[in-house]
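Below, each value reflects all heavy atoms present in this structure, side chains not excepted, and no hydrogens, waters or symmetry copies.
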Amino acid sequence: IDIKLQQLIEDMYGARRGALVALDPNNGEVLAFVSKPTFDPNLFVEGIDADNWQKLNESPDKPLLNRALRGTYPPGSTYKPFMSLAALTSGKRSPSQIIFDPGFFMFGNHRFRDDKEGGHGSVDMYKSIVQSCDTYYYLLARDMGVDLIYEQMKPLGFGQLTGIDILGEAQGVLPSTEWKQRTYKRPEQKRWYSGETISLGIGQGYNNFTMLQLAQAVGIIASNGFRTKPHLVREVVDIETKEKQAVVKEPPQWLGYKPEDLEVIRKAMVGVNLEGTSAGSFVSAEYTSGGKTGTAQNPPYRDNAWFVGYAPVDHPRIVLAIIIEEGLHGSAAARS
């Protein structure tokens, strides 16, 4: 943990609820691991009293929940770069292939509305990420189907334990037809309906992931297709002899993505911060970065706001995943 970065982020969150995970994509070191609101651990040193325990345990803000480790959320539009990578890898889309977005997508009698009234017009893969076009990903999800999405997203770590060196990590949900059959009891619940696939493309539906999974996935894009295992411990120090012993780390695993496919995604994520939905946050930045904003439905509450990113582009040293619960739009939350 970079204690100065940790403190800065905790201060910036203020009274807002949410979480942030920052990793070094080169080796998986956790640079910041923030969950807000938090609590004073000194309350537990000699056994917490009944009043304080009740306040913590019954608080609607859930301060006892380690959101960075156990919080699971639909990722909203931060999922779009990974959907595009899946489309390239599976051959379902090329970077230059264009769809027309009228502002909605019809599936049967159901109208899936786009994020922009009137639509984005002609949209290629770059524009779909930079301007965050929902219709592009409704169509893509339909063309891929739930099980191909599952097959492509699993290697990126979605719905899988990262194996971080701390107990209690949540797994989240990467849906598939097999998952639904295993999870539900009644026959009509076990069946996968085609309409359920559409919203998966924009990071909604049954998608439910951890901050660690999003940060790790961004790291794969930033590091040219290498997946690293997140870890908090760099070395162990003997309290008597002061001898230091480095923790043996797993080497990065290359996932076999084509460099040209990864470059398409990186270029678009850079475009997000230069001319897209988070451009206002990086106007005076001294470095070039890549990112993606997201807004995810959170019924019955207000929408959650997301941002994922990496920097600097040429030699990434940090990747991060940020969520502000009930923060509404990701583009606005990124500026704050």
Side-chain angles (χ1 to χ4, degrees), residues 1 5-6 8-23 28 30-41 55-79 82 153 156-175 179 183 199-200 202-219 229-232 291-309 318-330 333-334 336:
I1 296 288
L5 178 63
Q6 179 84 10
L8 173 65
I9 294 168
E10 290 191 7
D11 290 344
M12 291 179 70
Y13 260 93
R16 290 177 289 193
R17 300 194 311 272
L20 180 148
V21 171
L23 306 174
V30 177
L31 305 176
F33 204 64
V34 174
S35 177
K36 295 287 286 186
T38 186
F39 59 92
D40 182 2
K55 289 178 182 178
L56 290 175
N57 200 41
E58 297 180 0
S59 170
D61 290 333
K62 299 180 180 179
L64 293 175
L65 172 65
N66 187 335
R67 289 165 164 84
L69 184 69
R70 294 194 54 77
T72 59
Y73 309 88
S77 292
T78 61
Y79 205 44
F82 309 107
M153 293 303 189
L156 289 163
F158 292 111
Q160 317 301 310
L161 296 175
T162 67
I164 190 172
D165 51 350
I166 185 174
L167 297 176
E169 178 185 7
Q171 184 168 343
V173 174
L174 177 64
W179 164 82
T183 303
S199 59
L200 298 182
I202 62 166
Q204 296 282 176
Y206 293 111
N207 289 323
N208 207 31
F209 309 132
T210 69
M211 307 303 296
L212 276 166
Q213 289 167 6
L214 264 295
Q216 185 184 53
V218 175
K229 182 178 178 179
H231 62 276
L232 288 154
K292 185 72 189 79
T293 59
T295 304
Q297 294 176 1
N298 181 37
Y301 308 106
R302 297 185 303 171
D303 293 348
N304 291 332
W306 276 95
F307 180 78
V308 299
I318 185 172
V319 301
L320 48 81
I322 308 168
I323 191 168
I324 298 176
E325 294 180 6
E326 299 187 66
L328 297 180
H329 298 290
S336 64

*For the residue pair Y79 and F209, does the interplanar ring angle fall in the parallel (under 30°), tilted (30 to 60°) or perpendicular (over 60°) class?*
tilted
_L64 CG to S59 OG distance, which is reported to the nearest 0.5 Å_ = 8.5 Å
*Return yes if some donor-acceptor pair links the side-chain N/O of R70 with the main-chain N/O of G168 below 3.5 Å, else return no.*
yes
*OG1/T162 to NE2/H231 distance, rounded to the nearest 0.5 angstrom?*
11.5 Å
*Q216 side chain to P230 main-chain N or O, any donor-acceptor pair under 3.5 Å?*
no
*Quickly, which of R16, R302, R67 forms a side-chain hydrogen bond (donor to acceptor under 3.5 Å, both in side chains) with E325? Name it, please.*
R67
*For side-chain contact (heavy atoms from CB on, under 4.5 Å), just list the numbers for I164 and F33, CA-CA rounded to whole Å, side-chain angles, deciding distance to a tenth of an Å, and then say yes or no.*
CA-CA 12 Å; I164 190 172; F33 204 64; 4.2 Å; yes
*Closest heavy-atom contact between P63 and T38?*
CB-O, 3.7 Å
*asked:* With rounding to the nearest 0.5 angstrom, report the CG to CD1 distance, L31 to I9.
replied: 9.0 Å
*If you measure only the distance, is there a donor-acceptor pair under 3.5 Å linking the side chains of T295 and D303?*
no
*Closest approach of P74 to A296 (non-hydrogen atoms, all atoms of both residues)*: O-CB, 3.3 Å
*For the student: nearest non-hydrogen atoms of Q213 and G159, plus distance*: OE1-N, 3.2 Å
*Please report the shortest heavy-atom distance between L214 and A321, naming the atom on each side.*
CB-CB, 3.8 Å
*Report yes or no: does Q204 contribute a side-chain atom to a donor-acceptor pair with the main-chain N or O of Q297 at less than 3.5 Å?*
yes
*Mark yes or no for whether T293, through its side chain, and S77, through its backbone, hold a donor-acceptor pair below 3.5 Å.*
no
*F307 and G291: which non-hydrogen atoms are nearest, and at how many Å?*
CZ-CA, 4.0 Å
*Roughly how far apart are E10 CD and S35 OG, rounded to 0.5 Å?*
9.0 Å
*Write down the atom of V319, the atom of A215, and the distance for their closest heavy-atom approach.*
CG2-O, 3.5 Å
*Side-chain heavy-atom pair M211, L20 within 4.5 angstrom cut-off*: no
*Mind running side-chain contact (heavy atoms from CB on, under 4.5 Å) on L5 and I318 for me, showing each step along the way?*
CA-CA 11 Å; L5 178 63; I318 185 172; 4.1 Å; yes
*Taking it one step at a time, do L69 and L212 satisfy side-chain contact (heavy atoms from CB on, under 4.5 Å)?*
CA-CA 7 Å; L69 184 69; L212 276 166; 4.1 Å; yes
*asked:* Using 0.5 Å steps for rounding, measure from the CG atom of N208 to the CD atom of Q171.
replied: 11.5 Å
*Any chance you could measure K229, atom NZ, to D165, atom CG, to the nearest 0.5 Å?*
7.5 Å
